[in-house]
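Okay, so here's the structure we're looking at.
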There are 2 protein chains.
Amino acid sequence: MEVDKTDLKILKLLQENAQLTFKEISQKINLSITPIHDRIKRMEKEGVIEKYVTILNKKKVGTSLVVYCNITLDKQTRHNFTEFEERVTQFPEVVECHIVSGGFDYLLKVITKDMESYNQFHQQKLSVMSTVAHIHSFFVMSEIKSTTVLHLQD
Amino acid sequence: MEVDKTDLKILKLLQENAQLTFKEISQKINLSITPIHDRIKRMEKEGVIEKYVTILNKKKVGTSLVVYCNITLDKQTRHNFTEFEERVTQFPEVVECHIVSGGFDYLLKVITKDMESYNQFHQQKLSVMSTVAHIHSFFVMSEIKSTTVLHLQD
DNA sequence: TTATTTGAAGAATAATTTTCTTTTATATTC
DNA sequence: GAATATAAAAGAAAATTATTCTTCAAATAA
């Protein structure tokens with residue numbers, strides 16, 4: 001089934017705060033609790049809502065170094081791609097991995113404690129892979145904006 | 001106050017699923033509900049826990065084009081930085097904006113409906129800014145990994 | 001018109017959160 | 001070492017919320 005305008009209103013609220021109660025949501029969009037409940041449960045079932053997560057303060061949990069890596073593989077074979085993806089997905093330091101268009105193969109977002117632990121990650125996990133030909137690291141000096149909220153049009 | 005080992009156990013669980021009940025958490029880490037409750041409330045207050053959010057399926061809400069932009073400013077003056085940051089932060093299409101080391105000034109993550117709407121964003125919002133000298137767009141062709149979970153060490 | 005389906009409302013029940021009191025363990029002071 | 005404070009945890013009660021069930025109204029199809 002499709003998401004209608006009422007669903008969008010609910011999603012806009014939930015994106016920002018997953019802890020809103022059915023009562024609060026129902027008051028904000030002028031509807032009783034029942035349809036709110038049913039719509040959310042339906043969207044969870046359909047996979048429109050993927051999950052509810054907790055966002056932590058990076059500094060306060062001791063992971064404040066964010067690095068973007070451009071990775072180029074040795075040879076662009078299916079086997080090399082698969083192997084790289086399987087291994088890189090396992091690393092907890094890698095929070096994002098994308099195949100991108102342009103001058104390199106993968107864009108990684110890596111979060112570690114500090115420069116020392118990033119160096120370890122780089123040397124012991126990334127460089128070690130035989131499929132990796134080239135790594136270029138961009139260090140985040142300041143985080144201007146970071147949100148999980150998608151722009152939902154009506 | 002510091003986060004101790006028990007706090008870390010709680011955070012590891014909550015990062016993956018913000019909807020776990022106190023009861024469920026207390027069972028998973030062998031503690032009664034009271035300390036679980038108190039610790040979570042304390043970490044919310046201290047800002048260790050920033051927020052609880054809902055993650056939506058990009059395809060199913062009609063925002064499936066992800067683009068990374070490398071931006072170079074005209075002149076690297078404080079005024080130019082401030083102006084650029086203030087405007088770019090407002091755009092709902094921009095979900096991330098970082099100042100990075102290396103060959104350019106800003107790294108943006110932009111999410112839009114499709115190539116047409118990205119083109120509109122690019123032409124009507126990004127290029128328009130007089131401070132922006134150069135934009136290089138990398139299009140995400142495949143998302144291999146994407147998580148909000150930080151690697152917490154014990 | 002008469003069924004049928006869909007969405008919403010309200011009430012009852014079940015579960016969870018929150019608060020309060022008591023207990024236990026860990027330091028601290030004399 | 002004993003007594004006293006302090007902090008953390010446990011348990012129970014109260015308040016709130018989620019879930020289920022039944023009813024009602026509107027839209028759709030036969």
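Residue numbering restarts at 1 for every chain, and letters A, B, ... go by the order of the sequence lines. Every heavy atom of this structure was used, including side-chain atoms; hydrogens, water molecules and symmetry mates were not. None of the values given here were measured: they were computed from a predicted structure.
- Counting all heavy atoms, side chain and backbone alike, B:L73 lies closest to B:D105 at N-OD2, 2.7 Å.
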task = Start with the C-alpha distance between B:Q120 and B:H122, add both sets of side-chain angles, then the distance that settles side-chain hydrogen bond (donor to acceptor under 3.5 Å, both in side chains), and finish with yes or no.
result = CA-CA 5 Å; B:Q120 282 201 355; B:H122 187 280; over 6 Å; no

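- For C:dA8, the base has no donor-acceptor partner in the side chain of A:T34 [N/O atoms by modelled type, under 3.5 angstrom].
- Ionic pairing of A:E46 and A:R42 is present here: one or more N-O contacts between side-chain nitrogen and carboxylate oxygen are shorter than 4.0 angstrom.
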task = Assess whether side-chain hydrogen bond (donor to acceptor under 3.5 Å, both in side chains) is satisfied between B:Y118 and B:S137, documenting all intermediate values.
result = CA-CA 10 Å; B:Y118 179 71; B:S137 302; 2.8 Å; yes

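- Near DNA chain C, meaning a heavy atom under 4.0 Å away, the residues from residues 35-50 of chain B are B:H37, B:K41.
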key: Trace of the side-chain hydrogen bond (donor to acceptor under 3.5 Å, both in side chains) decision for B:H98 with B:E96   = CA-CA 7 Å; B:H98 309 278; B:E96 291 187 35; 2.7 Å; yes

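- At a cut-off of 3.5 Å, with distance as the only test, no side-chain donor of A:Q19 or A:Y52 sits close to an acceptor on the other residue.
- Listed by residue number, the members of residues 3-33 of chain A with any heavy atom below 4.0 angstrom from DNA chain C are A:L31, A:S32.
- Within a 6.0 Å radius of NZ in A:K145, other residues, nucleotides and ligands contribute more than 12 heavy atoms.
- Using a 30° and 60° split on the angle between ring planes, B:F138 and A:F104 fall in the tilted class, from 30° to 60°.
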